[in-house]
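Beneath this line is the structure, given in structure tokens, with notes to follow.
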Amino acid sequence: MRMYEKYWRDSASVIVLARNRHNERDNHGYNYKVLVFKRTENTSFLPNHIVFPGGSFDPQDDSTDWLRLFGEQRIPPEALQTVTSVSGPRPHIFRRMEGDQLDRSISVRLCALRECFEELGVLLVANKGPQTGFSVARTDFDVRTWQADVHDGRKAFRQLYEQLHETPDLWGLYEWSTWMTPTHFRRKRFETAFFLAALNEVCPVLPEDYEVEEYMWESPRNLLDAHSEGILWLAPPQSYELHRLSHVHDIDVIVRVAKARKRFGTTPFCPVGFNAADGYIGVLPGDDLYPEQFDFITDNEDMNKYGELTMRELAERARNLHRVEHRGLHQQTHLHNGPSLDGHLHVLGYNEPLSKL
């Protein structure tokens with residue numbers, strides 16, 4: 001049994017970017033789009049929300065059969081070590097526990113790849129040519145049949161790679177962030193590892209009927225504007241990550257940043273909530289209100305401590321800010337006056353050193 005299994009479920013998600021045709025810039029200056037989809041009302045978690053492809057960890061993601069596949073494909077151990085060797089902060093989801101068959105940096109990636117295929121029919125495979133940092137989407141097979149068979153459990157995800165003589169793209173799936181559902185969501189909590197993958201062209205998408213109402217390729221700015229206008233709704237993790245991306249208009253820069261920041265690790269983000277007179281605040285690591293030595297389990301006893309103050313008054317009291325102010329479902333303001341954690345993109349765009357990579 002994994003540590004904290006009774007408090008939350010492990011899951012993985014992948015932020016898929018794709019270069020615009022002919023590398024053209026859109027009206028906001030982006031040369032890429034982001035793949036997202038709207039969950040149906042049938043889904044048990046985040047129904048009707050706009051999300052990146054992803055879902056819960058499955059036992060097949062931790063099967064030693066994957067090691068057999070890598071051996072048959074003559075993947076050298078040192079190649080796998082480039083995936084598993086990570087320094088810096090490590091969230092719980094990446095910590096190997098007794099009983100785990102694979103290194104978690106591998107199995108959690110396999111979870112993200114599987115869910116991306118099950119939900120949207122996008123199969124990411126390792127690039128067999130020069131290592132450009134970009135992934136490849138394989139589409140020249142019976143995607144619909146395989147998608148249904150993997151989704152419904154008739155076949156293992158590994159079997160698809162075996163049949164196609166392909167390798168899951170562990171190397172082009174960059175560790176991006178980790179988000180945990182706040183503690184006051186007691187009924188259903190997740191620790192979700194977010195990865196980023198980049199494609200050199202927009203690929204075909206085959207949405208799974210039960211979970212996916214519609215999908216879209218859009219720029220970060222278009223998605224954020226649609227959220228602000230009430231056309232769609234982004235949960236805080238999706239909003240935060242799209243804000244990070246929105247300040248970088250070139251997909252090649254994003255890939256260079258994703259490759260370079262591996263040595264910094266990942267600090268888990270578990271928003272801690274505070275009520276204010278005019279809204280709700282979710283504070284993140286580095287904020288003065290963020291609890292010291294937070295265990296990701298204990299409820300915030302001070303949630304109503306500052307309820308008579310406005311969010312502006314609370315911000316003026318703080319020296320270090322890293323929070324999201326919620327004034328309604330579609331009105332969110334990100335405040336962060338310190339450096340971005342773990343060498344990452346800054347949510348407010350203070351990325352000058354990183355953008356020169």
Side-chain angles (χ1 to χ4, degrees), residues 1-15 36-58 91-95 108 111-112 115 119 176-195 211 213 227 232-243 266-276 278-287 289-307 311 314 322-335 347:
M1 179 176 178
R2 289 189 57 78
M3 185 184 299
Y4 301 124
E5 187 173 320
K6 68 178 181 179
Y7 297 104
W8 61 69
R9 296 178 64 184
D10 291 344
S11 66
S13 187
V14 55
I15 305 170
V36 297
F37 72 90
K38 182 179 180 180
R39 290 191 180 276
T40 65
E41 293 183 355
N42 301 321
T43 53
S44 60
F45 189 69
L46 298 181
N48 299 314
H49 296 10
I50 298 296
V51 297
F52 307 117
S56 297
F57 195 85
D58 188 270
H92 296 292
I93 193 170
F94 288 114
R95 297 179 186 175
V108 178
C111 173
E115 287 288 343
E119 293 177 330
W176 191 253
S177 62
T178 296
W179 286 82
M180 302 177 72
T181 312
T183 58
H184 58 271
F185 288 86
R186 296 182 184 86
R187 292 184 59 188
K188 202 160 197 177
R189 297 187 64 207
F190 290 89
E191 181 178 14
T192 303
F194 286 79
F195 299 94
E211 298 183 56
E213 181 171 321
H227 171 77
L232 53 81
W233 190 79
L234 299 165
Q238 283 75 19
S239 175
Y240 191 101
E241 299 305 343
L242 286 169
H243 270 93
T266 297
T267 298
F269 283 4
C270 183
V272 175
F274 288 87
N275 289 318
D278 56 345
Y280 169 85
I281 300 169
V283 302
L284 296 167
D287 193 286
L289 287 180
Y290 203 78
E292 294 185 11
Q293 304 299 321
F294 184 43
D295 62 7
F296 309 107
I297 297 171
T298 306
D299 287 339
N300 178 22
E301 295 179 353
D302 294 330
M303 188 171 187
N304 297 309
K305 182 176 180 179
Y306 308 104
M311 288 187 285
L314 271 173
H322 190 196
R323 61 184 65 177
V324 185
E325 297 178 339
H326 299 263
R327 291 177 172 81
L329 199 59
H330 296 276
Q331 297 182 35
Q332 299 169 2
T333 303
H334 293 82
L335 302 179
V347 70

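The structure presented is a predicted model; accordingly, all values stated were derived computationally and were not measured.
In this structure, OG1 on Thr183 lies 4.5 Å from CG on Asp299, to the nearest 0.5 angstrom. A distance of 10.0 Å separates CD1 in Ile281 from OH in Tyr306, rounded to the nearest 0.5 Å. Annotation: the span from Trp179 atom CH2 to Ile93 atom CD1 amounts to 15.0 Å, rounded to 0.5 Å. Atom CE of Met180 and atom CH2 of Trp8 lie 3.0 Å apart (nearest 0.5 Å). Summarising the geometry, atom OH belonging to Tyr290 is positioned 7.0 Å from atom CG belonging to Leu284; distances are rounded to the nearest 0.5 Å. If you take CG on Asn275 and CE on Met303, they are separated by 4.5 Å, rounding to the nearest 0.5 Å.
The closest side-chain heavy-atom distance from Arg323 to Leu314 is below 4.5 Å. Side-chain contact check for Pro237 versus Thr192: every heavy-atom pair is 4.5 Å or farther apart. The shortest distance between side-chain heavy atoms of Glu115 and Phe52 does not fall below 4.5 Å.
Side chain of Asp302 to main chain of Lys305: no donor-acceptor pair is present (N/O by atom type, distance under 3.5 Å, no hydrogens or angles). For His322 (side chain) and Gly286 (main-chain N/O), no donor-acceptor pair under 3.5 Å exists by modelled atom type. Of the possible donor and acceptor atoms, none in the side chain of Asp278 sits under 3.5 Å from a partner among the backbone N and O of Arg327. With hydrogens and angles ignored, the 3.5 Å screen pairs a side-chain donor or acceptor of Arg189 with a backbone N or O of Thr181. In this structure a side-chain-to-backbone donor-acceptor pair under 3.5 Å is present from Asn300 to Gly273.
For the pair Thr178 and Ala193, the tightest heavy-atom approach, listed with the atom from each and the gap, is OG1-CA, 4.0 Å. Residues Trp176 and Ile15 come closest through the heavy atom pair CD1-CD1, 3.6 Å. Closest heavy-atom contact between Pro268 and Pro285: O-CG, 3.6 Å. Across all non-hydrogen atoms, the minimal contact from Trp233 to Leu329 is NE1-O, 2.8 Å. Taking each heavy atom of Phe294 and Cys270 in turn, the nearest pair found is CE2-SG, 3.9 Å. Taking both residues in full, the closest heavy atoms of His326 and Pro236 are given as CE1-CG, 4.0 Å, listed atom of the first, atom of the second, then distance.
Between Tyr4 and His92, the ring centre distance stays below 6.0 Å.
Residues satisfying the ring-ring contact (aromatic ring centres under 6.0 Å, His included) test with His334, not counting sequence neighbours, are Tyr240, His243.
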Please report the C-alpha distance between Gln332 and His227 in whole Å, then the side-chain angles of each, then the deciding distance to 0.1 Å, and finally whether the side chain to side chain contact (heavy atoms under 4.5 Å, CB included) criterion is met.
CA-CA 10 Å; Gln332 299 169 2; His227 171 77; 3.7 Å; yes

Please determine whether side chain to side chain contact (heavy atoms under 4.5 Å, CB included) holds for the pair Lys38 and Leu232, giving the CA-CA distance in whole Å, both sets of side-chain angles, and the decisive distance to 0.1 Å.
CA-CA 9 Å; Lys38 182 179 180 180; Leu232 53 81; over 6 Å; no

